[in-house]
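Only a predicted model underlies this, so the values are computations on that prediction, with no experimental measurement involved. Numbering of ligands and ligand atoms starts at 1, following listing order.
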Amino acid sequence: MKRRGLLVILSSPSGAGKSTLARRLRAWDMSLEFSISATTRAPRPGEKDGREYFFHTKKSFQAQVESGEMLEHAEVFGNFYGSPKAPVQAAIDDGRDVLFDIDWQGGQQVRESSLGKHTLSIFILPPSIAELERRLIKRAQDNPEVIERRMQESRDEISHWPEYDYVLVNDDLDATEEKLRTILSAERLRRSQQPGLVDVVRNLNSEFEDRRT
Ligand code: ADP
Ligand code: 5GP
């Protein structure tokens, strides 16, 4: 049956686990599209242009913003990040869901955008601040100053938790993934996401009519 695509927003303080969870969700459901953001931050070891991010200079990033190509954009930890609009629109028109790994500023902009009616937003909290720091260190992809800055800004990110539809504490990874699957499965069944229901009910009614004659 015809379905409308959802814009699934995942936000959390850096290190709480949203990229890991996003990867697991996609492995569970390959039809889930991942919104690949543009960024001016330098690639981390192992990151590939066009896979994790589209890596840009400040100038080329700004040009995309000015030509209206971004659904949302924000400055995070001193770098610019943004979600290109065209792939999102194409996926939604095609009835596919799109997953966003973006901060609270991006979350607000997507909710307020023309596609905002079809958002599902989930905030991921760490079980403790000590564990958040351990995860940032364990990831071993940022230098100590970058980690320190991210820790300092995590309080501000966490303060936006009430803006989200769902809030999960990512203690046990498998349990959090399971909860995410449950949320997504249920949200896909919302009446507003199933435009095909109109035809289903029309057919049921014409069956009623046939029985009367
Ligand atoms: P984010 O995308 O939110 O910045 P990541 O997904 O990169 O965070 O996770 C940061 C680190 O924490 C990674 O090394 C990841 O493997 C680890 N991690 C994520 N979730 C958990 C969890 N529930 N328990 C233990 N480690 C976790
Ligand atoms: P990282 O540098 O660790 O990949 O991402 C840093 C932060 O930027 C994370 O909180 C991530 O969710 C956020 N981010 C990544 N892409 C985007 C984007 O396109 N827009 C916004 N607003 N935030 C983003």
Side-chain angles (χ1 to χ4, degrees), residues 7-27 33-56 61 64-65 69-88 98-113 119 121-143 145-161 163-164 168-180:
L7 281 72
V8 185
I9 302 167
L10 275 186
S11 300
S12 80
S14 184
K18 63 194 167 315
S19 311
T20 307
L21 287 162
R23 268 198 305 277
R24 282 179 165 224
L25 264 191
R26 272 207 75 194
E33 189 105 347
F34 189 69
S35 168
I36 302 171
S37 297
T39 183
T40 60
R41 100 152 150 66
R44 289 183 180 135
E47 284 185 337
K48 207 171 138 212
D49 188 43
R51 190 176 63 193
E52 283 81 10
Y53 282 104
F54 295 109
F55 295 99
H56 282 271
F61 185 93
Q64 284 199 43
V65 171
E69 288 169 56
M70 297 293 190
L71 179 60
E72 62 75 33
H73 63 94
E75 189 176 345
V76 191
F77 311 132
N79 294 301
F80 294 102
Y81 294 83
S83 311
K85 197 185 322 181
V88 178
V98 184
L99 193 58
F100 294 82
D101 172 341
I102 56 179
D103 82 328
W104 67 270
Q105 305 173 81
Q108 284 188 351
Q109 291 173 50
V110 174
R111 271 188 229 103
E112 286 159 15
S113 74
T119 58
S121 62
I122 304 158
F123 198 85
I124 309 292
L125 287 170
S128 69
I129 299 305
E131 173 63 11
L132 182 67
E133 188 168 32
R134 272 196 291 277
R135 288 183 191 172
L136 278 173
I137 293 167
K138 183 176 81 173
R139 186 164 70 189
Q141 283 183 326
D142 298 309
N143 65 45
E145 297 82 67
V146 171
I147 290 180
E148 182 50 34
R149 175 156 195 191
R150 287 176 178 232
M151 283 301 293
Q152 277 170 17
E153 296 196 21
S154 66
R155 193 169 191 164
D156 184 38
E157 181 76 29
I158 287 173
S159 74
H160 291 276
W161 70 272
E163 296 163 20
Y164 287 72
L168 302 176
V169 178
N170 180 23
D171 195 347
D172 179 80
L173 192 54
D174 288 339
T176 312
E177 183 192 349
E178 183 62 35
K179 286 174 190 156
L180 275 177

Short list, please: which atoms of ligand 1 are under 4.0 Å from a heavy atom of [X]?
X: Asn170; value: 20 (N), 21 (C), 23 (N)
X: Ser12; value: 3 (O)
X: Asp171; value: 22 (C), 23 (N), 24 (N)
X: Arg135; value: 11 (C), 12 (O), 18 (N), 20 (N), 21 (C), 22 (C), 23 (N), 24 (N), 25 (C), 26 (N), 27 (C)
X: Ser14; value: 4 (O)

Around [atom], find the nearest protein heavy atom and jot down its residue, atom name and distance.
atom: atom 6 (O) of ligand 1; answer: Thr20 OG1, 2.5 Å
atom: atom 7 (O) of ligand 1; answer: Arg139 NH1, 2.9 Å
atom: atom 19 (C) of ligand 1; answer: Gly17 CA, 3.7 Å
atom: atom 10 (C) of ligand 1; answer: Gly15 O, 3.6 Å
atom: atom 2 (O) of ligand 1; answer: Ser19 OG, 2.5 Å
atom: atom 26 (N) of ligand 1; answer: Lys138 NZ, 3.0 Å

In a table with atom names and distances, give each donor-acceptor pair under 3.5 Å that connects a side chain of residues 73-85 to protein atoms at least two apart or in another chain.
residue : atom : partner : partner atom : Å
Ser83   : OG   : Glu72   : OE2          : 2.5

Hits for side chain to side chain contact (heavy atoms under 4.5 Å, CB included) against Glu148, two or more places apart or cross-chain, chain-then-number order -> Gln152
- Task: Name all residues meeting the salt bridge (charged side-chain N to carboxylate O under 4.0 Å, His left out) criterion together with Asp174; count only those two or more places apart in sequence or in a different chain, and write none if there are none.
- Result: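 For Asp174 the salt bridge (charged side-chain N to carboxylate O under 4.0 Å, His left out) partners, ignoring immediate neighbours, are Arg24.
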(message) Keeping Thr119 on the side-chain end and Ser121 on the backbone end, is there a donor-acceptor pair under 3.5 Å?
(response) no
Report task. Decide whether an N or O pair under 3.5 Å exists between Glu131 and ligand 1. Result ->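 No: no nitrogen or oxygen of Glu131 is under 3.5 Å from one in ligand 1.
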task: For ligand 1, find out whether one of its N or O atoms is nearer than 3.5 Å to an N or O atom of Leu21.
output: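 No - when backbone and side-chain N and O of Leu21 are compared with those of ligand 1, no distance drops under 3.5 Å.
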Relative to Tyr164, does Arg111 satisfy both conditions: NZ or CZ under 6.0 angstrom from the six-membered ring centre, and within 45 degrees of the ring's axis?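 Judged by the rule (NZ or CZ under 6.0 Å from the ring centre, within 45° of its axis), Arg111 counts as positioned above Tyr164.
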- Item | side-chain contact (heavy atoms from CB on, under 4.5 Å) assessment of Val98 paired with Val8 | CA-CA 6 Å; Val98 184; Val8 185; over 6 Å; no
With side chains defined as the heavy atoms from C-beta onward, is the minimum distance between Phe123 and Glu163 less than 4.5 Å? no
### Message
Are Glu153 and Ile158 packed together at the side-chain level, in the sense that at least one heavy-atom pair is separated by less than 4.5 angstrom?
### Response
no
### Ser19 side chain to Asp101 side chain, donor-acceptor N/O pair below 3.5 angstrom
yes
Residues with a heavy atom under 4.0 Å from ligand 2, by chain and number, are Lys18, Ser37, Arg41, Arg44, Tyr53, Glu72, Ala74, Val76, Phe77, Tyr81, Gly82, Ser83, Asp101, Ile102, Asp103, Gly106, Arg150
